[in-house]
Amino acid sequence: MPELPEVESIRQGVAEWVTGRQIGSVTVMHPRAIRRHPAGPDDFARRLIGATVTGTRRRGKYLWFPLDTDDALLCHLGMSGQLLIKAPEDPDGPHLRIRLSLDDPDHELRFVDQRTFGEMLVSADGAEAPDEIRHIAPDVFDPGFDPAAFTTALRMRRSHLKRALLDQSLISGIGNIYADETLWRTRIHGGHPTHTLTVELVSELLANLRDVFTEALAAGGTSFDELYVRANGESGYFDRSLAVYGKQGQPCPRCSTPIVREKFTNRSSFYCPQCQPVA
DNA sequence: GTTGAGTCCTGAAAGC
DNA sequence: TGCTTTCAGGACTCAA
């Protein structure tokens, strides 16, 4: 499940292979992969063919490839999306959704997505900042991220903390795994009312979030199965460092109390009932 | 503004 | 063994 560290690992992995490369051909194997490109696969391909990729950028879980046409190829990996650099002669595999050939005879870019929650689209004039993600807030590593503004916005919410952390219009890049890990490090329950949070606690939360992301990025991301791999096909190994996510019944690394799993906003949440008492 | 439910989808795992 | 059901997740929509 790609969250910020996984998406950033993938961005770094594909950058050297696509930057400066001209797109040769585009094949859309599954229409759902471009469902937010309403003009259809022919238009999708027409806008890409002949364009040169000028870089790779990311905001939260979205990444995009600015093009020399001022358009951008925007991508969200959803639950199971992968961007892979492959040799053209490598077998397609059953979940190949989009293939982009480059002016590099030995490599091509493939969008592979088992569960088809991921998508690509061409954003018109989106090279600098695609319109389609203008509602996505900066992530914690974005130079435009304002901790004071985030703290104010969070405390003005009448919601629960975990739900707010997963709201990409408030802060981006956080998914279920890193939300649970950050909450555990901050010793706070996801159901904590946002309007009762102190400034100091939000500051501690953000510091822990940065730490979790930084450590995960250094590990190449979290891989539970083959659904997340880096551009070179290798798995990340941060799952070995997870304290609570997926650890129900196992001892809390801090106090040895068994980790609890419960449904929260239609998602599984994992927490230590001793370290993170219900608010 | 916020919540909760529903939708999309696939494949593994569990249940029968 | 084979079929059916459940589950996992992110983004989005919609009714309340």
Side-chain angles (χ1 to χ4, degrees), chain A residues 1-8 10 28-38 58-64 74-83 92-98 111-121 123 130-137 139 150 152-183 190-197 213 216 221-229 235-236 238-239 242 244-249 259 261-270 279:
Chain A
M1 308 120 200
E3 302 181 30
L4 186 151
E6 290 77 32
V7 177
E8 177 60 18
I10 288 167
V28 178
M29 328 283 279
H30 195 305
R32 196 173 138 76
I34 57 159
R35 60 191 177 280
R36 284 177 69 195
H37 188 92
R58 182 190 56 74
R59 177 184 291 176
K61 304 174 198 175
Y62 283 89
L63 61 85
W64 71 95
L74 179 64
C75 180
H76 192 290
L77 300 172
M79 287 286 300
S80 55
Q82 303 170 358
L83 285 177
D92 285 357
H95 305 122
L96 175 61
R97 307 305 185 197
I98 297 174
F111 178 55
V112 175
D113 188 13
Q114 180 196 95
R115 294 181 187 168
T116 69
F117 278 31
E119 58 185 339
M120 280 184 158
L121 61 90
S123 176
D131 263 1
E132 291 81 0
I133 60 167
R134 63 178 178 273
H135 64 292
I136 302 296
D139 60 67
F150 168 74
T152 301
L154 180 65
R155 297 175 72 216
M156 285 180 67
R157 289 268 171 124
R158 292 275 170 176
S159 186
H160 295 122
L161 178 54
K162 181 168 179 181
R163 186 176 179 115
L165 291 177
L166 296 175
D167 184 345
Q168 306 297 303
S169 68
L170 186 64
I171 184 170
S172 66
I174 309 173
N176 208 33
I177 297 174
Y178 296 110
D180 280 358
E181 292 299 309
T182 301
L183 291 166
H192 196 98
T194 47
H195 68 280
T196 65
L197 293 165
F213 277 167
T222 299
S223 302
F224 284 107
D225 48 36
E226 72 284 359
L227 291 185
Y228 164 68
V229 293
S235 296
F238 187 70
D239 54 308
L242 294 174
V244 288
Y245 189 86
K247 307 286 187 182
Q248 71 273 22
I259 298 299
R261 171 186 180 174
E262 68 178 18
K263 280 280 184 184
F264 183 75
T265 66
N266 260 352
R267 295 283 177 266
S268 289
S269 285
F270 301 87

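The model shown is predicted, which means the values in this text are computed figures rather than measured ones.
- Shown here are the salt bridge (charged side-chain N to carboxylate O under 4.0 Å, His left out) partners of A:R158, two or more places apart in sequence or in another chain: there are none.
- Note that the CG atom of A:N176 and the OG atom of A:S269 stand 5.5 Å from one another [nearest 0.5 Å].
- Listed pair A:S159 / B:dT3 meets the phosphate criterion, a side-chain N or O lying under 4.0 Å from OP1 or OP2.
- In this structure, the side chain to side chain contact (heavy atoms under 4.5 Å, CB included) partners of A:H192, at least two apart in sequence or on a different chain, are A:L161, A:I188, A:T196, A:L197, A:A279.
- Formation of a donor-acceptor pair under 3.5 Å by the A:S172 side chain with backbone atoms of A:A137 is found in this model.
- Taking atom CD on A:Q114 and atom C1' on B:dG11, their separation rounds to 5 Å, with Å as the unit.
- Annotation: side-chain hydrogen bond (donor to acceptor under 3.5 Å, both in side chains) contacts of A:T194 (sequence neighbours excluded): none.
- The NZ atom of A:K162 sits 16 Å away from the C1' atom of B:dG4 (whole-angstrom rounding).
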Review point. Tell me, for nucleotides 9-16 of chain C in 5' to 3' order, what letter each nucleotide earns: B for a base near a protein heavy atom under 4.0 Å, S for only sugar-phosphate near one, - for neither?
Key: BBBS----
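- The two atoms that bring A:D113 and A:G118 nearest to each other are OD2-N, 2.8 Å, heavy atoms only.
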Practice item. Would you sort out whether A:R58 and A:D139 count as a salt bridge (Lys or Arg N to Asp or Glu O under 4.0 Å), showing the intermediate values? Key: CA-CA 9 Å; A:R58 182 190 56 74; A:D139 60 67; 2.9 Å; yes
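- Using five terminal pairs a side, the axes of the helix from B:dT2-C:dA16 to B:dC16-C:dG2 at its two ends make an angle of 50°, given in steps of 10 degrees.
- Listed by chain and number, the residues in a side-chain hydrogen bond (donor to acceptor under 3.5 Å, both in side chains) with A:D92 are A:R99 (sequence neighbours excluded).
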